[in-house]
2 protein chains.
Amino acid sequence: MATTNEKKQLIEEIGLGIEERLSISPLAGRIYALLILSSYDGLTFEEIREYMKASKSSISVNINVLTQLGYLTYHTKPGDRKRYFKITKYYQIQSLELYLQALKKEMVIVQKINSYNSEHYPEKFSAEESLGEISQDYLIKFQSLIKDTIQKITELRKNDHSH
Amino acid sequence: MATTNEKKQLIEEIGLGIEERLSISPLAGRIYALLILSSYDGLTFEEIREYMKASKSSISVNINVLTQLGYLTYHTKPGDRKRYFKITKYYQIQSLELYLQALKKEMVIVQKINSYNSEHYPEKFSAEESLGEISQDYLIKFQSLIKDTIQKITELRKNDHSH
DNA sequence: GTGTTAGTTCATAACATAGCGAACTGATTT
DNA sequence: AAATCAGTTCGCTATGTTATGAACTAACAC
């Protein structure tokens, strides 16, 4: 596993984004990024450790966090004590599901703002009523776009597995 | 300005979301939330301070951060030294623009992952090629959905201002 | 020119978090 | 039973962030 400079940089970049989106530690983000870019067999604890040049304890803690959050799984090989880690889901589905969650929160907030304003500033609110509708409309369209895409990807995975 | 319990709770809730999305301090998030829910005239420094029950220095720093980031503006009244603060943009547009930014980053990352994989794991990648296409397709659709919605809202605001 | 208003700036306290090394555990070899 | 392997757990340090009080400033009022 030659650590190319390209890979290092890419892990840094992807890791940073993941760290923010999943609200996990920088190291956890980089581990997740490494596994996105790594082979299908999965990497061992030691391989991850080598790559990250971090302590055993940090690797242990962060792998466990990622596993508990459901982003990683591991499998073992007969007669081999090591665990092989890889990402649970396609990176893309993971992202979409996060958007879906954020969206639900957003919808609740928008509704609350609308109902607060309609109660407390009825004149102001009625002037903006269609604005509230547009937002609502947008959120619903977005939601169905995500759901469609998740379904497409899921179907693709099924076909992929069955051949 | 009677501080109803409903308003307090709502500010807490909206503020928390904003804080995370804009990566600003909790107080800045709550100030922004307060201004979302407050009247069109804008609130003074002292009104905000009273509402938040925070120190002058904290209010000052956080108002300035929000102003510098372009989320707040202030206007003055003749013969009155106070500044009246209100949000620059509709909360909804703000949200959408943030999504747009996040999306651009996302598109860059997805492209980099795809090109990395197509180079380093061509067999694996070709099996998933259509998956990469779906992601790309999704991102583009999402982008145009956001842009449409921003445009609709912007038009609505123009009409709203001009009557 | 003294006081007041409307904030700003600065040093600091309080708190949270990440990653580290060292000691430990539990299973497997030798 | 001693050693090794594959990790885990714990206490601690380093670092970053938020909000604070106290001192300061700039404009206006008397």
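Residue numbers start from 1 in every chain, and the chains themselves are labelled A, B, ... in the order their sequence lines are given, proteins ahead of strands. No experiment lies behind these values; they were computed from the predicted model shown.
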Has the side chain of B:Arg81 got a donor or acceptor atom sitting under 3.5 Å from an opposite partner on the base of D:dA27?
yes
Nearest-angstrom distance from the residue atom CD1 of B:Ile24 to C1' of D:dA19
15 Å
Tell me whether A:Glu106 is salt-bridged to B:Arg21, with the criterion being a basic N under 4.0 Å from an acidic carboxylate O.
yes
Determine, stepwise, if the pair A:Phe142 / B:Phe142 fulfils ring-ring contact (aromatic ring centres under 6.0 Å, His included).
CA-CA 7 Å; A:Phe142 182 24; B:Phe142 182 23; 3.9 Å; yes
Of B:Arg30 and A:Ile63, whose nearest nucleotide on DNA chain D comes first from the 5' end?
A:Ile63
Can you tell me the distance, in whole Å, between the NZ atom of A:Lys56 and the C1' atom of D:dC10?
15 Å
If I take atom CG in residue A:Leu27 and atom P in nucleotide D:dT15, what distance separates them, rounded to the nearest angstrom?
17 Å
Using whole Å, what does the distance between atom P of nucleotide C:dA18 and atom NZ of A:Lys53 come to?
23 Å
Under 4.0 Å from OP1 or OP2 of D:dA6: is there any side-chain N or O of A:Arg83 that close?
no
Classify A:Ser60 by what it touches in the nucleic acid, base, sugar-phosphate, or nothing, heavy-atom distance under 4.0 Å.
base
Of the options C:dT8, D:dG7, C:dC20, whose atoms approach the side-chain atoms of A:Ala54 most closely?
C:dC20
Rounded to whole Å, how long is the line connecting atom CD of A:Glu19 with atom C1' of C:dA18?
10 Å
Quick check: does any side chain N or O of A:Asn62 sit under 3.5 Å from a backbone N or O of A:Ser58, one acting as donor and the other as acceptor?
yes
I need the NZ-P distance between A:Lys77 and D:dC5, as an integer number of Å.
19 Å
When the ring planes of A:Tyr138 and B:Tyr99 are compared, do they come out parallel, tilted or perpendicular, using 30° and 60° as the limits?
tilted
CZ of B:Arg49 versus C1' of D:dG21: gap in Å, rounded?
11 Å
Looking at A:Ser57 and C:dG19, is any side-chain donor or acceptor paired with a base atom of the opposite kind under 3.5 Å?
no
Contact class for B:Ile59 vs. all strands (heavy atom < 4.0 Å): base, sugar-phosphate, or nothing?
nothing
Just call it for A:Ser58: base, sugar-phosphate, or nothing, with non-hydrogen atoms closer than 4.0 Å on any strand.
base
Contact under 4.0 Å: B:Asn64 side-chain N or O vs C:dT8 OP1/OP2
yes
B:Glu46 has an atom CD; how far is it from atom P of C:dT4, in whole Å?
17 Å
I want to confirm an ordering. Mapping A:Pro26 and A:Gly79 to their closest nucleotides on DNA chain C, which one lands closer to the 5' end?
A:Pro26
Does B:Arg49 pair with B:Glu46 as a salt bridge, N-O distance under 4.0 Å?
yes
Taking OP1 and OP2 of C:dT17, is either one under 4.0 Å from a side-chain nitrogen or oxygen of A:Ser25?
no
Please state whether the phosphate of D:dT20, meaning OP1 or OP2, lies under 4.0 angstrom from any side-chain nitrogen or oxygen of B:Ser55.
yes
